[in-house]
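This report refers to the structure that appears directly beneath it.
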Amino acid sequence: MRKVTKNNLITFGITLGFFLLFGILSATGVLGSQLSGLLIPIGIYIILAISLNLTVGILGELSLGHAGFMCVGAYVGGIFSIITQDTIQPSWLRMIIALIIGGVAAAIFGVLIGIPVLRLRGDYLAIVTLGFGEIIKALANNIYVAMDKNGLHFGFAASISDLDAATKTNITQGPLGMKAPQDTNLLLVVIVLMVCLVILMNFIDSRTGRACMAIRDNYIAAQSVGINVTKYRLIAFVVSAAIAGVAGVLYSHSITSLVSKKFDYNLSILILVFVVLGGLGSLRGSVIATIILYALPEIFRELGDYRMLIYAVVLILMMIFNNAPSFIMLRERIGASAPVQKIKGVFTRNRNKAGGAA
Amino acid sequence: MMSFVSYLVNGISLGSIYALIALGYTMVYGIAKMLNFAHGDIIMVGGFTVFTAMSTAWCPVWLSVVIGIVVCTVLGVVIEKVAYKPLRNAPPLAVLITAIGVSYLLQNLALLIFGSAARNFTSVAAGAPPFLTVFDDGRAPQFFTAVPADAAKPILTISMETFLSITVSVVIMIALTLFINKTKAGKAMLAVSEDKGAAQLMGINVNGTISLTFAIGSALAAVASVLMCSSYPQISPYTGSMPGIKAFVAAVFGGIGSIPGAMIGGILLGVIEQLSKAYISSQLSDAIVFLVLIIVLVVRPTGILGKKINEKV
Amino acid sequence: MEEKNTAPMLEVKNLSIQFGGLRAVDGLNMTIHKGQLYGLIGPNGAGKTTVFNMLTGVYKPTSGSIILDGKNITGKPAISINRDGIARTFQNIRLFKNMSVLDNVKAGLHNHTNYTAIEGVLRLPRYFMEEKRVTAKAMELLKVFELEGEAEQLAANLPYGKQRKLEIARALATDPKLLLLDEPAAGMNPNETAELMQTIHFVRDSFDMTILLIEHDMKLVSGICEELTVLNFGQELAQGETSAVLNDPKVITAYLGE
């Protein structure tokens with residue numbers, strides 16, 4: 001068996017095994033309701049982390065606006081489900097359609113945003129993705145949708161007044177957000193997660209994935225072997241956006257009240273932290289880092305307000321332990337490997353390296 | 001017309017605060033090639049320090065401000081030494097995550113000490129008369145005079161805080177420009193940002209220069225925090241994060257690494273934000289700010305004053 | 001030397017490029033015939049790599065034309081020039097460092113791997129067929145350069161000489177008509193250089209390749225190049241058969257000074 005295939009199978013096994021084990025523990029009541037309640041968000045955050053890893057780890061571009069694509073999926077999927085709540089039954093069918101629509105909507109945003117953004121590189125690209133994320137959040141914060149016997153009503157930056165009082169249903173109300181039907185359950189999250197994981201593994205281990213990694217490692221060389229840099233950067237960016245959109249749909253159907261404020265740059269950064277600590281380009285790393293980092297603050301709940309403080313300190317220490325020259329030497333002497341694997345040089349700046357002129 | 005002038009002046013005032021913060025971002029980026037995500041939280045620390053000092057009875061306003069500046073300067077240098085210096089040759093993403101960690105750390109420390117609720121900040125110019133009042137009843141415009149009780153509502157008021165923000169920022173920017181272009185330490189900063197290795201070979205103390213950069217950037221953030229908390233008199237552990245991000249945008253807008261770029265970017269950003277709040281939508285003003293940034297970067301991929309970097313093949 | 005009489009593979013006519021006020025390459029004419037091993041030499045800063053960059057679409061020439069095998073490719077983007085049949089290596093090696101040696105070559109085979117992204121994700125039969133074929137082809141190429149043992153290693157972990165070889169293998173994977181080598185012997189010891197000369201000969205003969213190379217190592221140049229163009233300050237200084245050019249007093253002066 002090829003090394004890549006074997007690695008992918010292990011990742012698949014670890015992920016499925018984790019949810020099987022804790023799903024059973026939760027169903028039998030061994031796991032308290034507090035911890036059981038973490039399984040769905042952990043699943044959703046894993047989907048977000050592995051999809052962001054495609055942009056950051058495989059394509060090599062720092063994106064700080066991943067929450068924006070999640071927001072698109074959450075809103076579009078949520079609005080769809082509320083509208084069709086009475087017309088499409090059973091609910092699982094409606095949810096599947098919502099997942100597809102949410103994913104497609106996020107993909108469309110991915111194309112629209114990707115075309116201008118991917119002209120930039122490095123830190124400029126990062127700040128522009130952050131800007132787009134904030135724009136999407138602000139737009140979602142100002143959208144009003146309602147429904148009555150005359151059909152759908154849309155409003156922007158102002159609530160809708162001309163509704164038929166008897167038949168009106170508010171779908172989303174600007175900053176107040178929306179209440180999508182609670183169609184997300186653990187089984188669905190795990191199925192969607194496993195599907196996304198397989199899609200990403202297959203994507204990376206194919207001609208397309210190789211093209212993306214070639215662009216990441218050296219875009220001039222990639223062009224020289226006939227790889228269309230613009231095309232593959234856009235493909236990876238859009239696939240990443242679509243999967244984040246799917247996670248958004250799961251999210252909006254798993255919480256009682258959805259507000260746009262949630263999707264700010266802090267969320268994007270949180271997902272980025274999962275990806276970086278898990279190891280750039282490593283899907284398994286993203287899965288494990290998300291589980292640990294998401295569950296840790298909850299497990300140490302008794303520490304109260306100190307837990308986020310500890311989290312911050314752990315983050316800093318981990319980065320220093322991983323990257324500081326003195327620690328690297330120490331590790332080499334005692335033969336330990338880095339706690340976090342990473343692709344060397346992906347984010348090092350080559351700009352100042354002397355090139356050849358003749 | 002007068003309302004437009006008022007929005008514009010407020011925009012310039014807010015923009016000069018952004019510019020002060022953006023200077024910190026841009027100087028650190030220029031020298032350490034890192035996005036210092038914790039810079040926004042230095043503002044918050046500065047605000048809380050001044051807030052605490054002022055709430056003790058014996059501490060006068062000027063001393064509180066000095067204490068704030070000293071605390072931030074020391075904090076900036078310590079953060080650099082402890083968290084960033086060990087990572088000087090690490091991939092930029094590792095440094096970015098560390099900066100995010102420092103940001104979380106400062107925010108959560110403030111949460112533990114002060115709680116999450118916003119506190120009311122007493123303006124450093126509290127009680128002072130407005131800088132300028134203009135009436136439409138034929139009276140001459142008044143400078144530094146309290147509005148008489150019998151007067152009609154003025155058509156334009158420029159507060160002391162607004163005046164202070166603009167004046168202080170302009171003075172600081174001039175001083176900083178002189179410092180960088182005229183002094184040995186300033187030129188060392190330029191040299192290090194151009195080429196660290198070459199600067200070291202020329203006998204420049206690179207570590208000292210980087211510390212100095214962080215010190216100046218943090219001191220500017222402290223000044224910005226006083227001006228900002230005086231104009232918008234509230235403070236919470238999250239006070240620094242949005243202005244921090246916006247100042248970062250301003251720095252990118254002007255061309256990150258460029259000092260005049262940060263000043264222009266900051267002021268433009270403040271004006272755009274205030275005008276779109278006034279004339280378009282207050283909820284969408286942030287979105288408009290980011291949209292303008294995106295348009296600028298798509299047209300000029302390295303910002304207004306940024307240098308174009310071509311990779312040699 | 002009967003190849004010389006066959007049709008030209010590359011015709012460069014009056015090629016010039018200007019950067020600001022500097023004419024980096026000025027009115028270069030050059031004809032390379034099918035199957036030839038052609039050398040482009042000159043002192044540092046003469047504009048040799050700039051010529052390569054124009055030939056491969058990294059820079060757009062200011063004037064002049066480039067005809068590859070009868071087709072005008074002047075000013076086309078890098079990707080389509082590669083598809084038209086020019087592949088290159090770089091002076092400062094540009095491998096896909098975080099990919100395996102095998103994947104480097106497979107990335108070179110990108111445009112000869114015939115399945116879509118969707119077929120890849122869904123693992124349809126064509127994915128397996130094509131991957132099998134492409135992997136076999138890549139391994140074949142690696143064998144030519146004696147790299148098959150390192151196929152699973154990261155490219156970054158290869159020693160310097162092998163990195164240069166891998167770069168040639170990757171370029172050949174794109175199935176070019178014309179191969180451009182930018183200082184292939186740079187940084188190699190005499191033994192490695194001698195081995196490289198054999199490899200270049202082998203590539204020309206077994207792949208029926210036309211090769212244009214930039215080189216400073218005169219032993220390599222005189223050992224394998226049939227014809228030379230000498231550039232100095234962006235202009236052609238001399239052109240013709242290797243031995244004649246290398247004995248030209250103008251060329252000797254340019255290299256050694258007055």
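Computed from heavy atoms alone, side chains included, the values below leave out hydrogens, waters and symmetry copies. Reminder, nothing fancy here: chain letters follow the sequence lines and each chain counts from 1.
Counting heavy-atom pairs closer than 4.5 Å to chain C, the top-ranked of the candidates A:Thr208, A:Asp205, A:Ile215, A:Ile199 is A:Asp205. Highest contact tally toward chain A, considering only C:Thr174, C:Val134, C:Thr113, is held by C:Thr113 [criterion: heavy-atom pairs under 4.5 Å].
Summarising the geometry of C:Ala107 relative to A:Ala214, their closest heavy-atom pair is CB-CB, 4.3 Å, with the distance given to 0.1 Å. Nearest approach of C:Phe96 to A:Asn218, heavy atoms of both residues: CE2-O, 3.6 Å. The two residues C:His110 and A:Arg207 have their closest heavy-atom pair at O-NE, 3.0 Å. In this structure, A:Asp217 and C:Asn98 approach most closely via the heavy-atom pair OD2-N, 2.8 Å.
When heavy atoms are compared at a cutoff of 4.5 Å, C:Tyr115 approaches chain A by way of both its backbone and its side chain. Contacts of C:Leu109 with chain A are absent, with no heavy-atom separation under 4.5 Å from either backbone or side chain.
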Kindly list each side-chain donor-acceptor pair under 3.5 angstrom involving residues 238-246 of chain A, sequence neighbours excluded, with atom names and distances?
residue, atom, partner, partner atom, Å
A:Ser240, OG, A:Ser51, O, 2.9
A:Ser240, OG, A:Thr55, OG1, 2.9

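Taking 4.5 Å as the heavy-atom cut-off, the residues of residues 222-233 of chain A that approach chain C are A:Ala222, A:Gln223, A:Ser224, A:Val225, A:Gly226, A:Ile227, A:Asn228, A:Val229, A:Tyr232, ordered by number.
Remark: C:Ile118 CD1 is loosely packed, at most 12 non-hydrogen atoms of other residues, nucleotides or ligands lying under 6.0 Å away. The 12-atom threshold is exceeded at CZ of C:Phe207, counting heavy atoms of other residues, nucleotides or ligands nearer than 6.0 Å.
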Going through the distances and angles, do C:Tyr127 and A:Asn202 end up as a side-chain contact (heavy atoms from CB on, under 4.5 Å)? CA-CA 10 Å; C:Tyr127 165 85; A:Asn202 289 353; over 6 Å; no

